Amino acid sequence: RYWWMKGYEVLNPMGWDSFGLPAENAAIKNDEHPATYTYANIDTQYESFRRYGVSFDWSRRFHTSDPEYYRWTQWLFLKLHEKGLAYRKNSPVNWCPNDQTVLANEQVVDGACERCGAEVTKRELTQWYFRTTQYAQELLDSLDDLAPTWPSKVVNAQRNWIGRSEGAHVDFVISGDGSTEERTITVYTTRPDTIFGTTFMVVAVDSPLADELVTDAQRSDFEAYRDAVKKESDIDRLATDRPKTGVSLGVTATNPVTGAQIPVWATDYVLADYGTGAVMGVPGGDQRDWEFATAMGLPIVRTTEPPADFDGEAYAGGGRTINSPADGVAAPLDINGLDVDEAKSRTIAFLEEQGAGTGAVNFRLRDWLLSRQRYWGAPIPIVHCPVDGEVRVPEDQLPVVLPELRGADLKPKGTSPLGAATDWVNVTCPTCGGPALRDSDTMDTFVDSSWYFLRYVSPHDDTRAFDTALANAWGPVDLYVGGDEHAVLHLLYSRFFTKALRDMGLITWDEPFSAYLSQGKVLNQGRKMSKSLGNGVNLGDQLAQYGVDAVRLTLVFASPPEDNIDWADVSPGGSLKFLQRALRLAGDVTSGAGADATTGDEALRRVTHKVVHEAERLLDAHRFNVVVARTMELVNATRKAIDSGCGPADPAVREAAETVAQLLSLVAPYTAEEMWERLGHQPGIAARRWPDVDERLLVEESVTAVVQIKGKVKTRLEVAPDISEADLEAAALADPTVAALIEGETVRKVIVRAPKLVNIVL
RNA sequence: GCCGGGUUGGCGGAACGGUAUACGCGGUGGUCUCAAACACCACUGUCCGAAAGGGCGUGUGGGUUCGAAUCCCACACCCGGCACCA
């Protein structure tokens, strides 16, 4: 509303991200189609939004579950597939046993399903992925550009999630595996400088690598251990405080720097899908390796100078490196006493020289697993043909519309419900015309929401996903408002889509959301409102009791928008009283519409213009609660002017009341409109231009100067705003209160900041 | 453990390095009223004091500065992210 008044073209759209599990689960329960539930709820929400008086552009409304929309979601999938950014692979995946579907890494929170809380297990499945890791570095780098306009919380969360680390790949030659060919295992380490302390190697027990390396003699022990590990849930595996376990693979590896022979073990504390799935064990430099070495009776070599309080037993990290070679070994690399960064780069240089390793970067971010074994989502537009393999559905055959399933047909059974719709699944191959099968998985609903902001520029265009020219003209989104539960989900996926679409030439910008306003939640009595807690507040009741404007005002005034609000702490009654006060001002004005404000009371005019001026700064900074506070001050000043000042006929009073109406139109549009009409204007305050500020009125007539002695306020003086430093100093020293206090003292220094302050140092 | 953010009256919260606690809620007293509601007015950080006035005060302890809620260093606590990621 503010930007509109400032004369900008503003696109403030609203729509529904309406695929997903809740509708599907309700459909199963009620034996109906998910669309029934979905569109009924959308209608209810739409009515609510209308009632709240939100200024959305409803002409651009759409729903991601409409075929007219998901047709383009599917089209974008095909584009990503063409570019090699969508691919299938077999791999252990997160499985929610309750929702009976796979989940992306981002949807697993502390080992549990983000949606239903069930403990997530692992399954070996062939699934679709988007290659988000291809953009890992750029996704990280452009966070620097977003940092000034995004909440640090979200930027920080994404940095942690992407999790870049720098280190080295180091090659160890394996022996004792009975083969004649030389085999090399590469490990990833962030601390190549600790290589002198390597006393063993550990390989992820569930990696193919471990299976390949294990000797016949160790195989039965290894398999027993591997099977035991497989039975454990992720939650158990994630616990960092449990004892280290492992099994020897029977082979040895050669340390490429020292030539030392070290044993190779398999363990579950090394992750198969991070780095190379193998780690050099440095118990003198790494807590986990120290625990493992201690548990297995492996030797420990210090890699750092121990701290003074080192007790000789517990793990000791930190200190300077003492990575000189072991006794009696010649020194191919001497990094003794160097600081860590220098030691790392020297070690990497040495490894590269020897052909035994390279500098390397790793990311924690994994590719985005997007297939779901559920019904209520966009079907993946791929046909599997025994002859031609994965075939993209031709664009002119989009959308691939969901088959009509309902109720019990949707019950989760571990494979996609779409697979059971035989008429739908069995198709002819678009390439060879032979019999083929549709891909029966649907896309993660986060795919739908990763590009919807683009659809808003041309929501009804049935010839393309979005109009590139319009997207480039409008985009990127200047201000994105949302909750920070999407910090590493929606906000990361959308960034990935934007970069991928840019590289396809479909848009020119790099980031979807230039600024991000993270909005808080409304709590009650310190907790999230919920039925089980019985602390819900019925918004309908609040609206009925106080009115829409008072409820809106309460939400805005309670705190800065990014903070949570506790409904127990706020006062919708107080808001209503304030609105009534404001409304009464409009009725009290007796001058006619169009009265010349410049002839009005100057003191009140100063207040009015100052408030408008300050409101601009506050609105730009999203400090809406303070805008309301300033508006209240203006109402109080106007009230005073009417009752005991210049009186209701003064044009300055009209100017003030009209300004109040305009400021209020941002937050309390109905009250503002009512005021506007009472002030004798035609309806339509929302379309009024933002009031101009007269700069001359921002200069105060007189200013209160503070006189401090040694930094403590002792007295105040009313002075002219343009008083000189010398005059102000003289006035301060001449003040009787000050004179009495400095009597007999030596004034050592006087700091003058005209016209606001004098500080006298004795 | 690592990384971010925070801590201001009874409460929600204001404060370009320059009057701490704006604005509001709550509270106290008053005006109006037969009475109440509404409205309006005054007071409301804390301690000492009858008052005038003064001392102390923005999580704790230091520092920089004429001057610190604000900048710097440590610490405590709260919230959030990551986490056997080598």
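In this text the structure is predicted, and so the values were computed from the model without any measurement. Computed from heavy atoms alone, side chains included, the values below leave out hydrogens, waters and symmetry copies. Residue numbering restarts at 1 for every chain, and letters A, B, ... go by the order of the sequence lines.
- Formation of a donor-acceptor pair under 3.5 Å by the A:Asn105 side chain with backbone atoms of A:Arg366 is not found in this model.
- Remark: C1' of B:C82 and CD of A:Glu114 are 16 Å apart, rounded to the nearest angstrom.
- The partner of B:C40 is B:G30, by the rule that a Watson-Crick or G-U pair needs both atom distances under 3.5 Å.
- With a 3.5 Å ceiling on both atom-pair distances, the Watson-Crick or G-U wobble partner of B:C71 is B:G63.
- Across every strand in view, B:A35 sits unpaired, with no contact that passes the Watson-Crick or G-U test at under 3.5 angstrom.
- Proximity note for A:Tyr188 (side chain, C-beta onward) versus B:A14, B:A39, B:A86: the nearest is B:A86.
- Using a 4.0 Å heavy-atom cutoff across all strands shown, A:Arg581 reaches sugar-phosphate atoms only and no base atom.
- In this model, a donor atom of one side chain and an acceptor atom of the other lie less than 3.5 Å apart for A:Gln542 and A:Trp567.
- Residue A:His622 qualifies as enclosed at atom NE2: its count of foreign heavy atoms under 6.0 Å is above 12.
- Searching all strands for a Watson-Crick or G-U wobble partner of B:C23 with both distances below 3.5 Å returns B:G12.
- At B:C82, none of the side-chain N or O atoms of A:Asn156 fall inside 4.0 Å of OP1 or OP2 (strictly under the cut-off).
- With respect to A:Asp588 and A:Arg639, a salt bridge is recorded, a charged nitrogen being found less than 4.0 Å from a carboxylate O.
- In this entry B:C56 has B:G45 as its Watson-Crick or G-U wobble partner, both defining distances falling under 3.5 Å.
- In this structure, the NZ atom of A:Lys714 is 8 Å from the C1' atom of B:G54, given to the nearest Å.
- In this model, no side-chain donor or acceptor of A:Asn160 finds a partner on the base of B:C82 within 3.5 Å.
- On a pure distance criterion of 3.5 Å, no polar donor-acceptor pair joins the side chain of A:Lys710 and the base of B:C66.
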For nucleotides 44-49 of chain B, give me one character per nucleotide, 5' to 3': B if any protein heavy atom sits under 4.0 Å from the base, S if the only such contacts are to the sugar-phosphate, - if neither.
------
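- A:Lys153 has no side-chain polar atom (N or O) that falls below the 4.0 Å cut-off from OP1 or OP2 of B:G4.
- Under the Watson-Crick and G-U wobble criteria, each requiring two contacts below 3.5 Å, nucleotide B:G80 is paired to B:C3.
- When heavy atoms are screened at a 4.0 angstrom cut-off, A:Asn636 is found touching the sugar-phosphate backbone but no base atom.
- Side-chain N/O atoms of A:Ser575 include none lying less than 4.0 angstrom from OP1 or OP2 on B:G24.
- Within 4.0 Å of A:Arg159, counting heavy atoms only, lies no atom of the nucleic acid at all.
- Under the 4.0 Å criterion applied to side-chain N and carboxylate O atoms, A:Asp144 and A:Arg159 are assigned as salt-bridge partners.
- In terms of phosphate contacts, A:Arg753 brings no side-chain nitrogen or oxygen within less than 4.0 Å of OP1 or OP2 of B:G17.
- The side chain of A:Arg623 contributes an N or O atom lying less than 4.0 Å from OP1 or OP2 of B:A15.
- For A:Asp286, whose side chain is taken as the heavy atoms from C-beta onward, the closest listed nucleotide among B:A83, B:A86, B:C66 is B:A86.
- One finds no side-chain N or O of A:Arg748 lying less than 4.0 angstrom from the OP1 or OP2 phosphate oxygen of B:C66.
- A:Glu633 places its CD atom 11 Å from the P atom of B:A15, with the value rounded to the nearest Å.
- Remark: A:Lys244 is not positioned above the aromatic ring of A:Phe292, lacking an NZ or CZ atom under 6.0 angstrom from the ring centre and at most 45 degrees off the axis.
- The side chain of A:Met632 approaches B:C23 more closely than any other nucleotide in the set B:C23, B:G67, B:A20.
- Each of B:A86, B:A22, B:C66 was ranked by its minimum atom distance to the side chain of A:Tyr274; first place goes to B:A86.
- Under a 3.5 Å cut-off, the side chain of A:Arg191 and the backbone N or O of A:Gly285 do not form any donor-acceptor pair.
- Side-chain polar atoms of A:Thr671 and A:Asp549 form a donor-acceptor pair below 3.5 angstrom.
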